[in-house]
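Nothing here was measured: the structure is a model prediction, and the numbers come from that model. Quick note on labels: first sequence line is chain A, next is B, and so on, each numbered from 1. Atom set for the values below is all heavy atoms of this structure, side chains included, hydrogens, waters and symmetry mates excluded.
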Amino acid sequence: MAVLRVYKFYLRDVLSNGYFWFWSVFFMMFWLFMGAFVYGARFTLDEFSKQFPIDMPSPVIEEAWRESTLHYTASWYGSIALFSMSSITIGLTQYIFYSTIPIRYLTKYSKASPLKFYTGFTLSAITSTAIYTLILLITSILLYSYKFHGFKTIISPKNMLGVVFTTITGGLLMYFLSSTIALLLIVLKKPKLLALASFVPYVLSFGLGMAGLIATGGKIHFSPFNLILLLNYHYYAEATIILDDPVTKMWYNALIGIGQAADPLKLWLALIGWTLLFATTTLILFRKQRGISIEEIVSL
Amino acid sequence: MWLRLKDDCMVIELIDVFAGYRKGGFVLRGVNLRISSNTIVLGPNGSGKTTLLRAIIGTVVSRKGRVVIDGVDVDSINGSPGLVSANLPELVIRSRLPVKHIASLYLDLVNGDYDHFKEIVSRIGEENALDKGLHELSAGLRIVVLNALALAAKAKYILLDEPFENLDPARRVAMLNEIVKSSGIKVMATHTTWLLRTLDVWDIYLIVEGLIYGSLKQYELIELKISREPISDAVLSIKLRSGSEVYLSRRTGVPLSSLDSLDKLYEVLTWQY
């Protein structure tokens, strides 16, 4: 009951917070729009057809066009879902940082044990992440289906369950990453670094995410951020994963038979490993921290 | 973990408690205190009143010594709704949600009475305060809400830090009546002295520069006289960091004589001496 009470409170709080809506949803919708109508302005069926011999049957070209737009949409959705999640971590880090004293008080003098409290909080973070990414998913489907097919073909995920599981696991990973950062600042007695440190996941997800998307492959795909992007891309388009390539080249290289396909299980193990690592550091730091004094919070 | 606390064991004990914050030394400097009935802790600004309450709750960051509530060390207390409540603002989760949602969560988790909370806020503050965020309230309304949260928690020990700060005279009296009639043992930290007229049976402690002195009753306090010179029969001798001492005795010195003149004590303790 206490878990449900805490869950409902935080879910209501996060969902009524304009900061989250602006940075995690509306700002990301803006980039989805840019992806469809600005970056994808010259990506049209006419332009696409020019790559094929003139005698190529049109059904073949149309099928290739459908596949191509599916992979283009999947790569945009995968990137935007990652950036949305990482912008949620900025807010979550601050929530967790400022909650240490109220949570210590409530877990001592209420029905909510630390486990119940953090379970409720974690579930609310995952639910809000799922709601935001669902909105972005629907936006992606609508914008890109309209742009590339005038709604005659709907570019929906080929494996919805995979996208959902990636989103939930990604939300959990981002929550534990936020907790680790917030609690680390408290344990290291560096509250003034809060503003800077809370942006670290956002900066890393942009840097690593964009590098893995368009520039390079290899080990970068095993960063926690790239794993979310890559799995979302994989399940959205049922794309072949070639770890040596950047995401935008995977489809083409798979078509022409360059590179070795990777087992998604490998990515899942890495993603779960990162999640468990951050969960463990959260637990250790939570036990170690003594909170942050109100005087230091006020001075921020 | 649910602790089984004995109902007949109603006492808060502080044993040689040093408490403070990361920056600077300890604010409390070896406090020994036993609270088993309604108590007022009187002291000037910066004397350690709020830190004392934080030490009792167990949320002070840096602490030495023991705080024991009903026989259980405060660090071991977990999942004990209805044991302690307080009006300290930092105990409230930072949220932009209206006060009604925050209060509803808190009072639900501590087995408190939301209707009672609502009634206090509506009567002493304003009913529309419930629909605003805590950060949107005036300083006076905010203290009404925080006091109401502490009182409606129906806790065994109710800790109130400056519960009349920023309240107009009429609201102060109404709030005092609410505090007096609430059940539970109240521990009130304040620098205001007007309320002592009503609270004649409460234990009074003086806190000065992190050290605590007492207890006294109201009628004992107003009979005392302040002196800078050492007095052999002093009831209390207050040591200041400057090295000097202030003596309170029944026979020698400037009489406090009336409750209003208790403020003289602060003048002596803080800047005139």
Side-chain angles (χ1 to χ4, degrees), chain A residues 1-21 91 94-117 120-121 124 185-192 287 289-300, chain B residues 1-3 19-24 27 50-51 53-54 56-63 69 72 74-86 88-98 101-112 133 149-150 153 155-159 161:
Chain A
M1 195 61 193
V3 173
L4 188 65
R5 199 69 187 76
V6 172
Y7 167 74
K8 281 165 68 179
F9 176 82
Y10 274 111
L11 186 62
R12 190 197 295 260
D13 198 15
V14 172
L15 292 182
S16 62
N17 190 326
Y19 160 86
F20 285 107
W21 280 104
Q94 307 220 358
Y95 259 73
I96 295 161
F97 179 87
Y98 287 118
S99 297
T100 51
I101 288 183
I103 290 174
R104 175 132 44 111
Y105 167 73
L106 280 175
T107 53
K108 278 180 174 299
Y109 305 111
S110 82
K111 294 180 277 192
S113 66
L115 179 68
K116 287 178 185 170
F117 207 98
F121 192 24
S124 68
L185 293 175
I186 293 168
V187 170
L188 294 177
K189 302 171 186 174
K190 300 285 182 195
K192 287 198 165 70
R287 286 184 178 161
Q289 61 92 21
R290 293 277 303 162
I292 193 92
S293 73
I294 187 71
E295 279 71 15
E296 287 174 283
I297 287 175
V298 166
S299 70
L300 288 176
Chain B
M1 180 184 132
W2 285 74
L3 292 172
Y21 308 99
R22 287 189 183 117
K23 290 177 181 169
V27 176
T50 307
T51 307
L53 299 188
R54 288 176 184 155
I56 293 172
I57 299 166
T59 58
V60 79
V61 174
S62 173
R63 202 194 76 220
I69 302 176
V72 181
V74 73
D75 291 333
S76 306
I77 294 172
N78 266 322
S80 301
L83 183 61
V84 178
S85 69
L88 296 168
E90 73 264 23
L91 303 181
V92 180
I93 290 169
R94 273 198 185 194
S95 167
R96 301 184 78 80
L97 287 178
H101 294 305
I102 301 170
S104 170
L105 171 75
Y106 267 68
L107 295 171
D108 199 7
L109 291 178
V110 303
N111 292 338
L149 260 182
K156 201 169 171 184
Y157 300 102
I158 303 168
L159 311 187
D161 185 34

Exercise. Looking only at non-hydrogen atoms, find the nearest pair between A:Ser110 and B:Val110 and report the distance.
Key: CB-CG1, 3.7 Å
Exercise. Of all the heavy-atom pairs spanning B:Ile57 and A:Tyr109, show the shortest one and how long it is.
Key: O-OH, 2.6 Å
Exercise. Answer with side chain, backbone, both or neither: which region of A:Phe117 has an atom nearer than 4.5 Å to a non-hydrogen atom of chain B?
Key: side chain
Quiz item: So which part of B:Val60 gets closer than 4.5 Å to some heavy atom of chain A, the side chain, the backbone, both or neither?
Solution: backbone
Exercise. Starting at CD1 of B:Ile93, measure out to CD1 of A:Ile103 and round the result to the nearest 0.5 Å.
Key: 6.0 Å
Quiz item: Does A:Arg104 use its side chain to pair, donor to acceptor, with the backbone of B:Gly58 at less than 3.5 Å?
Solution: yes
Self-check item: B:Leu88 vs A:Ile101, side chain to side chain contact (heavy atoms under 4.5 Å, CB included): CA-CA, chis, key distance, verdict
Solution: CA-CA 11 Å; B:Leu88 296 168; A:Ile101 288 183; over 6 Å; no
Quiz item: Only one of B:Leu97, B:Ile102, B:Leu105 forms a side chain to side chain contact (heavy atoms under 4.5 Å, CB included) with A:Asp13, so which one is it?
Solution: B:Leu97
Quiz item: So, A:Lys111 side chain and B:Asp108 main chain: donor-acceptor pair closer than 3.5 Å or not?
Solution: yes
Quiz prompt | Donor-acceptor contact below 3.5 Å, side chain A:Tyr105 vs main chain B:Glu90 | solution = no
Quiz item: Where on B:Ser85 is there a heavy atom nearer than 4.5 Å to chain A: the side chain, the backbone, both, or neither?
Solution: both
Exercise. Check whether any side-chain heavy atom of A:Phe9 sits under 4.5 Å from a side-chain heavy atom of B:Leu109, and report yes or no.
Key: no
Quiz item: Has the side chain of A:Lys108 got a donor or acceptor atom that lies under 3.5 Å from a matching backbone atom of B:Val84?
Solution: no
Quiz item: Are A:Pro102 and B:Arg94 close enough that some pair of their side-chain heavy atoms sits under 4.5 Å apart?
Solution: no
Quiz item: Which of the residues B:Ala155, B:Gly82, B:Ser104 is involved in the greatest number of heavy-atom pairs with chain A at under 4.5 angstrom?
Solution: B:Ser104
